[in-house]
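Report on the structure given below.
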Amino acid sequence: VKSGNNEFLEPSFFASFCSPPRIKDEPDDDGFYASPKEDSKPLKRPREDDDFLLILQDSKAKKAKNKDKKVPEADKRKKPKKEEEQKWKWWEEERYPEGIKWKFLEHKGPVFAPPYEPLPENVKFYYDGKVMKLSTKAEEVATFFAKMLDHEYTTKEIFRKNFFKDWRKEMTSEEKSTITNLSKCDFTHMSQYFKAQTEARKQMSKEEKQKIKEENERLLKEYGYCVMDNHKERIANFKIEPPGLFRGRGNHPKMGMLKRRIMPEDIIINCSKDSKIPPPPPGHKWKEVRHDNKVTWLVSWTENIQGSIKYIMLNPSSRIKGEKDWQKYETARRLKKCVDKIRNQYREDWKSKEMKVRQRAVALYFIDKLALRAGNEKEEGETADTVGCCSLRVEHIKLHPELDGQEYVVEFDFLGKDSIRYYNKVPVEKRVFKNLQLFMENKQPEDDLFDRLNTSILNKHLQDLMEGLTAKVFRTYNASITLQQQLKELTNPDDNIPAKILSYNRANRAVAILCNHQRAPPKTFEKSMMNLQSKIDAKKEQLADARRELKSAKADAKVRRDEKSKKTVESKKKAVQRIEEQLMKLEVQATDREENKQIALGTSKLNYLDPRISVAWCKKWGIPIEKIYNKTQREKFAWAIDMAEEDYEF
DNA sequence: GCGAGAACTTAGAAGCAGTATC
DNA sequence: GATACTGCTTCTAAGTTCTCGC
């Protein structure tokens with residue numbers, strides 16, 4: 001830990017880093033939001049170091065007080081709400097000076113992958129048709145392949161080549177000299193064994209399943225939490241990644257390589273000096289124990305595929321993640337205040353004499369209009385060939401002076417993050433089109449479209465336009481503003497709750513489409529759609545029957561004119577209404593599902609949409625928040641749920 | 001000012017568990 | 001009680017941005 005950083009001791013320094021202000025739809029007089037850092041509104045409450053202890057003592061005292069009281073049934077039901085109320089509202093407290101992430105951190109260290117259990121004697125591996133007993137090391141790696149046998153990966157040449165190369169490194173010299181051809185290896189018996197095991201796990205008795213569940217809960221209780229500044233916080237990934245075969249996305253040159261087993265000797269522990277330092281497993285040592293409170297991670301290690309560092313960090317519901325998330329949306333809101341100015345600026349820059357400035361301006365236009373990612377340069381041969389805005393190549397776009405009745409159309413076709421295809425035909429302004437023609441002049445398809453630009457140049461420029469502005473802020477801003485606009489446009493005040501939720505999902509979908517969040521259509525999609533359709537058909541029949549019954553009840557009542565038949569009519573009416581509602585619900589569900597076939601809503605909901613927009617919408621229309629956010633999401637967005645009122649404006 | 005490495009966010013797929021349906 | 005289905009959780013890869021040392 002670096003010490004002696006005297007600027008942190010200045011009182012003014014502390015004062016300038018409070019939580020972002022609660023912004024309640026304030027009139028914009030200056031045209032800019034004050035950044036959380038600049039605006040030092042009086043703090044609600046300073047951060048108390050002993051908050052956690054207070055909470056514990058408080059709840060203990062309450063428990064003692066209530067011990068002998070008989071709790072009425074109604075109160076018992078209210079209990080969860082009370083518990084929720086007790087949750088720590090970090091968003092009402094002062095924030096640490098920038099750079100300081102915590103003052104006290106204690107945790108139990110990571111949970112390692114279970115050791116390899118050799119296969120039973122009767123499970124055979126065959127080479128060239130003959131049984132072959134493998135050494136433990138070679139067998140373990142073989143099981144990784146056997147477990148993936150049904151996956152498309154194992155048919156890919158690169159995967160097989162990488163696997164075989166790494167597998168051979170684990171073999172004894174004898175094995176190495178025998179096993180020379182992967183195609184002669186027969187893993188099917190091993191594969192069948194694992195399938196049978198999976199099946200057996202499914203068939204376990206309730207008691208056995210319960211035992212496993214309890215063991216997992218114990219592990220979570222012991223290792224799944226840490227104490228950070230006197231608050232118990234949930235850890236996101238306390239288990240070390242087990243060994244296996246690397247599954248890169250898309251056409252990854254390293255797919256199939258062996259991800260080696262991580263040992264305590266690979267692990268760096270980060271915690272407070274004065275905390276109880278987690279002991280390494282018996283007979284082992286940690287690589288290092290450090291006490292760096294300028295970072296948020298608890299544990300780190302270096303993986304062997306790309307040589308990158310992996311971390312154990314806190315759950316999204318934690319203060320440390322929540323604060324950062326909140327800050328992200330505040331930055332996006334500041335962009336809202338100056339986006340017009342920035343847009344005018346890049347339009348001007350399309351005319352610049354400097355090629356670099358023109359390229360920067362066109363790239364920024366794409367990032368803004370199409371929500372493209374920045375697009376860092378990548379080392380060739382290390383990862384799949386994917387691009388973002390700055391790394392687009394000539395081969396990724398086609399220019400159409402006219403297409404389908406539209407002028408100046410740019411056709412994008414490239415693989416983005418996770419090798420997800422981005423395909424879009426976009427009419428652009430004439431100047432953009434002409435600039436693109438210029439950028440493409442005398443270039444080969446594999447040449448960079450923006451040869452004078454990279455993400456560093458672009459972000460430096462953005463920093464000059466607005467403090468804290470980077471390329472990705474545009475994605476956050478455009479996603480959130482789109483949600484807000486779409487909700488305003490699509491919500492029909494007369495609709496019932498399911499119809500309003502459909503509108504919400506459609507607004508969410510508009511964002512997911514903008515951000516190109518795709519998913520593989522679920523394997524059971526067609527079937528589940530058919531099931532739903534048959535439910536709808538059945539419901540329609542039921543409705544027809546109910547209507548017929550109502551009609552005859554009405555006729556009957558007309559003749560009899562007595563109370564009993566009147567009542568029958570009323571109850572038949574109600575039945576019709578109920579079935580109509582049920583039918584409508586099913587139809588809405590079918591529409592929603594169909595429209596969602598290849599679109600993933602989760603990513604935008606979790607990472608791009610200011611949760612306060614959704615919370616405000618729910619409050620405005622009386623939609624229970626549970627209909628929009630599940631439990632985990634509510635935990636992540638607790639700050640937003642607590643602070644946003646129905647008049648919140650992004 | 002630059003490049004490499006570190007830190008942290010964003011991403012889709014797989015696995016799992018709870019619920020609906022027969 | 002078995003099976004099918006669905007939504008949630010977990011996993012970890014793949015991005016972006018920040019930081020540090022030269």
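Side-chain atoms are counted along with the backbone in the values below, which use heavy atoms only and exclude waters and symmetry mates.
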Exercise. Which residues pass the side-chain contact (heavy atoms from CB on, under 4.5 Å) test with A/Lys213, sequence neighbours left out?
Worked result: A/Gln210, A/Glu217

For this session: Taking atom types as modelled, find out whether A/Gln518 and A/Asn516 have a side-chain donor-acceptor pair closer than 3.5 angstrom.
Result: yes

Problem set entry | Sole candidate of A/Arg421, A/Arg249, A/Lys378 that passes side-chain hydrogen bond (donor to acceptor under 3.5 Å, both in side chains) when paired with A/Thr386 | A/Lys378

Exercise. Is the charged tip of A/Lys254 near the ring of A/Phe246: under 6.0 Å from the six-membered ring centre and within 45° of its axis?
Worked result: no

Exercise. Taking OP1 and OP2 of C/dC8, is either one under 4.0 Å from a side-chain nitrogen or oxygen of A/Lys631?
Worked result: no

Problem set entry | Sugar-phosphate, base or nothing in reach of A/Lys254, heavy atoms under 4.0 Å | nothing

Exercise. Does A/His151 place a side-chain N or O at less than 4.0 Å from the phosphate oxygens OP1/OP2 of B/dA14?
Worked result: yes

Exercise. With ring centroids as reference points, do A/Tyr223 and A/His107 lie under 6.0 angstrom apart?
Worked result: no

Exercise. Within the structure, does a side-chain N or O atom of A/Asn607 lie under 4.0 Å from either OP1 or OP2 of B/dT9?
Worked result: no

Exercise. Taking only residues two or more places apart in sequence or in another chain, which ones pass side-chain contact (heavy atoms from CB on, under 4.5 Å) with A/Lys356?
Worked result: A/Glu354, A/Arg452, A/Ile457

Exercise. Checking all strands, does A/Arg234 fall into the base, sugar-phosphate, or nothing category for heavy-atom contacts under 4.0 angstrom?
Worked result: sugar-phosphate

Between the protein and nucleotides 16-19 of chain B, which nitrogen or oxygen pairs are less than 3.5 angstrom apart?
| from | atom 1 | to | atom 2 | distance (Å) |
| --- | --- | --- | --- | --- |
| B/dG18 | OP1 | A/Lys213 | NZ | 3.4 |

For this session: Output yes when A/Lys294 and A/Asp292 qualify as a salt bridge under the 4.0 Å nitrogen-oxygen rule, no when they do not.
Result: no

For nucleotides 20-22 of chain B, print each protein N/O atom paired with a nucleotide N/O atom at under 3.5 Å, atom names and distance only.
| from | atom 1 | to | atom 2 | distance (Å) |
| --- | --- | --- | --- | --- |
| B/dT21 | OP1 | A/Lys535 | NZ | 3.3 |

For this session: Take the protein atom CD of A/Gln518 and the nucleotide atom P of B/dG12, then report the distance between them rounded to whole Å.
Result: 8 Å

Exercise. Is the distance from OP1 or OP2 of B/dG1 to the nearest side-chain N or O of A/Lys460 less than 4.0 Å?
Worked result: no

Exercise. Looking at residues 262-269 of chain A, who's got a heavy atom less than 4.0 Å off DNA chain B?
Worked result: none

Problem set entry | Sugar-phosphate, base or nothing in reach of A/Ile305, heavy atoms under 4.0 Å | nothing

For this session: Kindly state whether the ring of A/Tyr423 and the ring of A/Phe412 have centres lying under 6.0 angstrom apart.
Result: no

Table of protein N/O atoms under 3.5 Å from nucleotides 14-17 of chain C N/O atoms:
| from | atom 1 | to | atom 2 | distance (Å) |
| --- | --- | --- | --- | --- |
| C/dA14 | OP1 | A/Arg249 | N | 2.6 |
| C/dA14 | OP2 | A/His252 | NE2 | 3.3 |
| C/dA14 | O4' | A/Asp418 | OD1 | 3.4 |
| C/dG15 | OP1 | A/Thr386 | OG1 | 2.9 |
| C/dG15 | OP1 | A/Asp418 | N | 3.1 |
| C/dG15 | OP2 | A/Lys378 | NZ | 2.9 |
| C/dT16 | OP1 | A/Ala374 | N | 3.3 |
| C/dT16 | OP1 | A/Gly375 | N | 2.6 |
| C/dT16 | OP2 | A/Asn376 | N | 3.0 |
| C/dT16 | OP2 | A/Asn376 | ND2 | 2.8 |
| C/dT17 | OP1 | A/Thr470 | OG1 | 2.9 |
| C/dT17 | OP1 | A/Ala471 | N | 3.3 |
| C/dT17 | OP1 | A/Lys472 | N | 2.7 |
| C/dT17 | OP2 | A/Asn459 | ND2 | 2.9 |

Seminar exercise, completed: Sorted by chain and number, sequence neighbours left out, side-chain contact (heavy atoms from CB on, under 4.5 Å) with A/Thr470 holds for A/Asn459, A/Lys472, A/Val473

Problem set entry | Below 4.0 Å: OP1/OP2 of C/dA13 and any side-chain N or O of A/Lys310 | yes

For this session: Under 4.0 Å between any heavy atoms, over every strand shown, what does A/Lys101 touch: base, sugar-phosphate, or nothing? Just pick one.
Result: sugar-phosphate

Exercise. Taking only residues two or more places apart in sequence or in another chain, which ones pass side-chain contact (heavy atoms from CB on, under 4.5 Å) with A/Arg360?
Worked result: A/Asp349, A/Val357, A/Leu453, A/Leu458, A/His461

Problem set entry | Pairs involving residues 152-162 of chain A, ordered by first then second residue, that meet side chain to side chain donor-acceptor pair (under 3.5 Å) (sequence neighbours left out) | none

For this session: For the pair A/Glu467 and A/Arg334, evaluate salt bridge (Lys or Arg N to Asp or Glu O under 4.0 Å) and give the outcome as yes or no after the intermediate values.
Result: CA-CA 9 Å; A/Glu467 195 202 333; A/Arg334 283 195 287 124; 5.0 Å; no

Exercise. Which nucleotide sits closest to the side chain of A/Lys321: C/dT9, B/dT9, B/dA11?
Worked result: B/dT9

For this session: Have a look at A/Pro242 and say if it touches a base, only the backbone sugar-phosphate, or nothing, with a 4.0 Å heavy-atom cut-off.
Result: sugar-phosphate

For this session: Indicate whether OP1 or OP2 belonging to B/dA11 is found under 4.0 Å from a side-chain N or O atom of A/Tyr608.
Result: yes

Seminar exercise, completed: Sequence neighbours excluded, the answer for side-chain hydrogen bond (donor to acceptor under 3.5 Å, both in side chains) partners of A/Glu117 is none

Seminar exercise, completed: With sequence neighbours left out, the residues meeting side-chain hydrogen bond (donor to acceptor under 3.5 Å, both in side chains) with A/Lys310 are A/Glu241

For this session: Would you mind telling me which residue lines up with the more 5' stretch of DNA chain C, A/Gly468 or A/Ile240, judged by nearest nucleotide?
Result: A/Ile240

Exercise. Excluding sequence neighbours, so at least two apart, what forms side-chain hydrogen bond (donor to acceptor under 3.5 Å, both in side chains) with A/Asn237?
Worked result: none

For this session: Identify which nucleotide among B/dC8, C/dC11, C/dA13 has an atom closest to any side-chain atom of A/Lys239, counting heavy atoms from C-beta outward.
Result: C/dC11

Problem set entry | DNA chain B: 5'-proximal contact among A/Ile420 and A/Lys324 (nearest heavy atom) | A/Lys324

Exercise. Rounded to the nearest Å, what distance is computed from the CE atom of residue A/Met148 to the P atom of nucleotide B/dA13?
Worked result: 14 Å

Seminar exercise, completed: note: A/Ile235, atom CD1; C/dT9, atom P; distance rounded to Å ~ 18 Å

